[in-house]
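First comes the structure, then the notes that go with it.
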Amino acid sequence: MARIRSTNRSGGAGGSKARLALSFGTSALAVVRALKRVRHTRGTTDKLTTADAVAGLLPLITSAAIVLRQLRRKPDTAQ
C-alpha cells in the first residue's frame, strides 16, 4: 500500500495555498448543504431528525474553521 506523505516539511498538516483554498471551498459547500437540511427538518415535528442534522453540521463547521485558520497562517509566496 502506498504511503501518503505530507508536503509540509514542518510535520503539520497542510499543503499549498491552492489546495487549502480548494479544501475550504469543499467544506463551505458541505456546510451550505447541511444548513439546507437543518432548515428542511426544522419544519417537521421529528426532533430526532433535526438533532441529527445539527449534529452533522458541527464537524463540518469545525473542519472549515481549521482549514480557514491554516489558510490565514500560510505565507503568501507569490509576489
Indicate yes or no for a side-chain donor-acceptor contact from Ser63 to the backbone of Pro59 under 3.5 Å, with no hydrogens or angles considered.
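Between the backbone of Pro59 and the side chain of Ser63 there is no qualifying donor-acceptor contact (under 3.5 Å).
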
Could you tell me the separation between the CZ atom of Arg69 and the CZ atom of Phe24, rounded to the nearest 0.5 Å?
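It comes to 13.5 Å.
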
How long is the span from the CD1 atom in Ile61 to the OG atom in Ser27, to the nearest 0.5 Å?
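Reported to 0.5 Å precision, the distance equals 11.0 Å.
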
Expected list for residues 28-43: side-chain donor-acceptor pairs under 3.5 angstrom, two or more places apart:
| unit_1 | atom_1 | unit_2 | atom_2 | d |
| --- | --- | --- | --- | --- |
| Arg37 | NH2 | Asp52 | OD2 | 2.8 |
| Thr41 | OG1 | Arg37 | O | 3.1 |
| Thr41 | OG1 | Val38 | O | 3.0 |

Can you name the residues that form a side chain to side chain donor-acceptor pair (under 3.5 Å) with Thr62, not counting sequence neighbours?
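In terms of side chain to side chain donor-acceptor pair (under 3.5 Å), with neighbours along the sequence ignored, Thr62 is linked to no residue.
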
